[in-house]
Amino acid sequence: SDWRIYTPTAAPVVFITASNGRHWTPWPDSAVLAYPGARIDHVVGMLNSTAKHIDPGTKDIVFSIGLNDRQGDKTTFAQSIRELHAAAAKLPQRTHFLAIPHFKGQRGRTTDAVNLLNDLASTSFSDRFISLQPNFRVTGSGTDFSHYSVDDSKALQRAAHNHIKRCLN
């Protein structure tokens, strides 16, 4: 991919998302960068190659990614999260990882993959991991367990917003 990270000026909070972020509405002083189909390794590549384009006024970056990685395995997941955390650690901004939600009706391997990705991200990002309510489930916009409904996308954004507000206080 030839994706790049360019943040608008005066955006203290930047969300880096896959396609599910396309329904997010930036609140004042934030920006949403949605990259449909993005996997964690894509974001790592963007951070490593274009992080210099992140405006110095940006204080927090929230990653809302990982769902497109769910077909991987434990080794791939661990490597991806480790590389994301390493790339994020080089940034002057605080970085956060928004938990990957489960879909209503989701079962089996996808559930296991999401649980493992969240566990690895929680360990790596520690208090910068944005957890969700235990029973929070999203409604898919189709049957592919890939895209959230608009309302659920906005609920996830609110969870991230509340986390950032707590970090700032």
Side-chain angles (χ1 to χ4, degrees), residues 1-70 80-103 114 117-118 120-122 124-133 136 138-142 146-169:
S1 72
D2 195 28
W3 292 325
R4 301 210 183 318
I5 298 174
Y6 292 97
T7 59
T9 56
V13 179
V14 171
F15 296 96
I16 297 177
T17 76
S19 58
N20 282 305
R22 71 189 184 281
H23 296 300
W24 291 15
T25 304
W27 65 75
D29 297 330
S30 77
V32 178
L33 307 177
Y35 302 92
R39 295 186 316 267
I40 294 169
D41 64 309
H42 293 133
V43 173
V44 169
M46 287 189 288
L47 291 174
N48 288 334
S49 66
T50 62
K52 62 185 172 277
H53 298 293
I54 298 173
D55 187 89
T58 298
K59 303 299 180 205
D60 291 275
I61 297 173
V62 178
F63 302 112
S64 179
I65 54 173
L67 189 59
N68 292 326
D69 293 86
R70 69 189 179 280
S80 294
I81 295 293
R82 191 170 40 252
E83 289 175 358
L84 177 64
H85 189 259
K90 295 175 190 172
L91 300 173
Q93 293 84 6
R94 288 182 295 200
T95 56
H96 313 264
F97 189 99
L98 177 60
I100 304 163
H102 289 284
F103 284 86
V114 168
L117 281 162
N118 281 335
L120 292 164
S122 175
S124 291
F125 285 85
S126 187
D127 63 336
R128 302 263 187 246
F129 178 78
I130 305 169
S131 58
L132 302 171
Q133 295 296 322
F136 182 84
V138 294
T139 303
S141 62
S146 293
H147 296 100
Y148 317 143
S149 70
V150 172
D151 288 343
D152 287 334
S153 290
K154 290 179 180 182
L156 287 168
Q157 187 183 19
R158 278 191 303 277
H161 183 229
N162 291 337
H163 169 85
I164 296 293
K165 284 192 334 193
R166 284 191 301 276
C167 286
L168 296 176
N169 293 331

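Heavy atoms only: backbone and side chains are in, while hydrogens, waters and symmetry mates are out.
- Across all non-hydrogen atoms, the minimal contact from N68 to A38 is ND2-O, 2.9 Å.
- There is a side-chain donor-acceptor pair under 3.5 Å between S149 and D152.
- Looking at every heavy atom in both residues, W24 comes nearest to L156 through CZ2-CB, 4.3 Å.
- Here the shortest heavy-atom pairing between Q157 and T25 reads NE2-O, 2.9 Å.
- A heavy-atom distance below 4.5 Å is not found between the side chains of L67 and L117.
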Would you check, one step at a time, whether the test side chain to side chain contact (heavy atoms under 4.5 Å, CB included) holds for H23 with H147?
-> CA-CA 10 Å; H23 296 300; H147 296 100; over 6 Å; no
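- Between I81 and S124 the shortest heavy-atom distance is CG2-OG, 3.5 Å.
- Ring orientation note: the planes of F103 and Y148 are tilted relative to one another, at an angle of 30° to 60°.
- Counting heavy atoms from C-beta outward, H96 and D60 have side chains that approach closer than 4.5 Å.
- For the ring-ring contact (aromatic ring centres under 6.0 Å, His included) test with H42, the passing option among W3, F63, Y35 is W3; the others fail.
- Smallest separation of non-hydrogen atoms from L33 and I5: CD1-CG2, 4.0 Å.
- From D41, atom CG reaches atom OG of S80 across 6.0 Å, with rounding to the nearest 0.5 Å.
- If you look at F125 and H85, their ring centroids are closer than 6.0 Å.
- Here the closest non-hydrogen pair linking I65 and I16 is CG2-O, 3.8 Å.
- Between E83 and N48 there is no side-chain heavy-atom pair separated by less than 4.5 Å.
- Atom NE2 of H102 is separated from atom CG of L132 by 9.0 Å, given to the nearest 0.5 angstrom.
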